[in-house]
Amino acid sequence: MGVPQGAAQRSVVRVERKMHFGPDAQVDDRNVIITPLRPELTDPFLLLSEDWFSSPGFEWHPHRGVETVTIVLDGVLEHGDNIGHAGALTTGDVQWMTAGRGIIHRELAFRNERAHTLQLWVNLPPEMKMVDTRYQDLLAGRRPGIEKDGAHIDVISGEIGGVQGPAVNNWPISGALITLEPGRRLEHVLPGRDRAFLHVLSGTVTIAGRPVQAGETAWSDPLPQASSSALTLETADGDAASVVMVYSGEPIGQPVVMGGPFVMNSAHEIEQAFRDFQSGRFGAVPNQARLQHR
């Protein structure tokens, strides 16, 4: 997996530390890694939340106009929706949900025990806000991986090093989990048009010359004149590997209006989403039993 000839070298424009929000009515604890306060700086990504929950978790609630990407870091996540999906995801599994025109779903800790998740909100352009809903369970054991000189790249979405991730996108997104052994260097290739963030889950990684520790996120802005670009990741000598979550996507460049679980382009569209949900146009809230322990 080499770097394409002429690939532009990327830089890091800022490094941010996750914010601790603590427990609330739904979760036992929460960190917010990407906030929706300045969407023009994170476009097309809106929110990244790290949650620990047992009970109640996230009972039935609607979404419209956005995609959510949920990664299970620990425990078992039980999910269901009002179009017939139900199941459980375990450590390392990813779920890519397209809310599109409207969905009602829930995310719970199996048997109310524990779940530790990361959830990323990916925006959709105006012409895709009302696409059909879709669930994709991208199980850890079935995703393709790349091994390269002390690095393992778990490919979730997009094409990386000639390997295509299993996620089907409405708006093109590259996503991967990179495990880098101590004392290694990796050139991670991304489309030049993309904005990228790299969230360090464990260890310390030097990204384009900037040291980034666990709990911190490095941002790299688009290089619109470059068809291909590369970010240099390096780890120091030590005993433990470092793990980095890397996502990138082309900025959409449209107004963002958020109203609770809805993400649209105007206040009028948010009001319409609430009317549609309250009038039953999203469908009925399911009367669905919890998954049973086997």
Practice task
Give the C-alpha distance, both sets of side-chain angles, the deciding distance and a yes or no for side chain to side chain contact (heavy atoms under 4.5 Å, CB included) between W52 and N31.
Solution key: CA-CA 9 Å; W52 292 259; N31 292 317; 3.4 Å; yes
Problem - CA sep, side-chain torsions, deciding dist, call: N123, Q254, side chain to side chain contact (heavy atoms under 4.5 Å, CB included) - result: CA-CA 10 Å; N123 199 12; Q254 293 293 322; over 6 Å; no
Practice task
Determine, stepwise, if the pair E187 / Q9 fulfils side-chain hydrogen bond (donor to acceptor under 3.5 Å, both in side chains).
Solution key: CA-CA 9 Å; E187 295 287 339; Q9 279 294 322; 3.3 Å; yes
Handout entry: Residues V69, Y247; criterion side chain to side chain contact (heavy atoms under 4.5 Å, CB included); working and verdict
Key = CA-CA 11 Å; V69 183; Y247 275 76; 3.7 Å; yes
Problem - Verdict with supporting geometry, Q119 and E107, side-chain hydrogen bond (donor to acceptor under 3.5 Å, both in side chains) - result: CA-CA 11 Å; Q119 186 170 96; E107 301 149 302; 2.7 Å; yes
Which side-chain N or O atoms in residues 197-204 pair as donor and acceptor under 3.5 Å with protein atoms at least two apart or in another chain?
| unit_1 | atom_1 | unit_2 | atom_2 | d |
| --- | --- | --- | --- | --- |
| H199 | ND1 | E216 | O | 3.4 |
| H199 | ND1 | T217 | OG1 | 2.9 |
| S202 | OG | V243 | N | 3.4 |

Pair up each side-chain donor or acceptor in residues 80-89 with any protein partner under 3.5 Å, not counting sequence neighbours, and list the distances.
| unit_1 | atom_1 | unit_2 | atom_2 | d |
| --- | --- | --- | --- | --- |
| D81 | OD1 | I83 | N | 2.9 |
| D81 | OD1 | G84 | N | 3.0 |
| D81 | OD1 | H85 | N | 2.8 |
| D81 | OD2 | H85 | ND1 | 2.7 |
| N82 | OD1 | I104 | N | 3.2 |
| N82 | ND2 | F282 | O | 2.7 |

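In this structure, the separation between OG on S54 and CG on L108 is 11.0 Å, given to the nearest 0.5 Å. In this structure, OG1 on T42 lies 10.5 Å from CG on L48, to the nearest 0.5 angstrom. In this structure, the separation between CG on D74 and CZ on R114 is 4.5 Å, given to the nearest 0.5 Å. To the nearest 0.5 angstrom, I252 atom CD1 is 8.5 Å from E127 atom CD. Note: T35 OG1 to I33 CD1 = 11.5 Å, rounded to the nearest 0.5 Å. Rounding to the nearest 0.5 Å places NZ of K129 at 12.0 Å from CZ of F262.
Checked against Q272 for a side chain to side chain donor-acceptor pair (under 3.5 Å), the options R275, H268, E269 give a single hit: R275. The side chain to side chain donor-acceptor pair (under 3.5 Å) test with E50 is passed by exactly one of R30, H20, H116: H116.
Note on ring orientation: taking the six-membered ring where Trp is involved, the planes of Y135 and H105 are tilted (angle from 30° to 60°).
D137 approaches Q95 most closely through the heavy-atom pair OD1-NE2, 2.9 Å. Here the closest non-hydrogen pair linking G183 and D237 is CA-OD1, 3.5 Å. Contact record, G22 with V27: O-CG2, 4.2 Å, taken as the closest heavy-atom pair. The shortest non-hydrogen separation linking P62 to P261 is O-CB, 2.8 Å.
In terms of the side chain to side chain contact (heavy atoms under 4.5 Å, CB included) criterion, residue partners of E181 (sequence neighbours excluded) are, by chain and number, R184, A241. Remark: R210 engages no residue in a side chain to side chain donor-acceptor pair (under 3.5 Å) (not counting sequence neighbours).
Judged by distance alone, the side chain of Q136 and the main-chain N or O of V168 form a donor-acceptor pair under 3.5 Å. Put simply, the side chain of S49 never gets that close to the backbone of V32: no donor and acceptor are under 3.5 Å apart. S229 contributes no side-chain N or O that, together with a main-chain N or O of R10, makes up a donor-acceptor pair within less than 3.5 Å.
The 12-atom threshold is not exceeded at CZ of R38, counting heavy atoms of other residues, nucleotides or ligands nearer than 6.0 Å. Atom CZ of R281 is surrounded by 12 or fewer heavy atoms from other residues, nucleotides or ligands within 6.0 Å. E147 CD: more than 12 foreign heavy atoms inside a 6.0 Å radius.
Using a 4.0 Å cut-off between charged nitrogen and carboxylate oxygen, D43 and R195 do not count as a salt-bridge pair.
Applying the ring-ring contact (aromatic ring centres under 6.0 Å, His included) test to pairs two or more places apart or on separate chains, none has a residue in residues 140-164. Counting only residues at least two apart or in different chains, salt bridge (charged side-chain N to carboxylate O under 4.0 Å, His left out) contacts with residues 86-101 comprise R101-D132.
If you chain together hydrophobic residues whose side chains sit under 4.5 Å apart, F274 and M258 never meet in one group. Residues L190 and L186 fall within the same hydrophobic cluster, defined by Ile, Leu, Val, Met, Phe, Trp and Tyr side chains chained together at heavy-atom separations under 4.5 Å. Side-chain heavy atoms closer than 4.5 Å link hydrophobic residues (I, L, V, M, F, W, Y) into clusters, and following such links, possibly through other members, connects V13 to F45.
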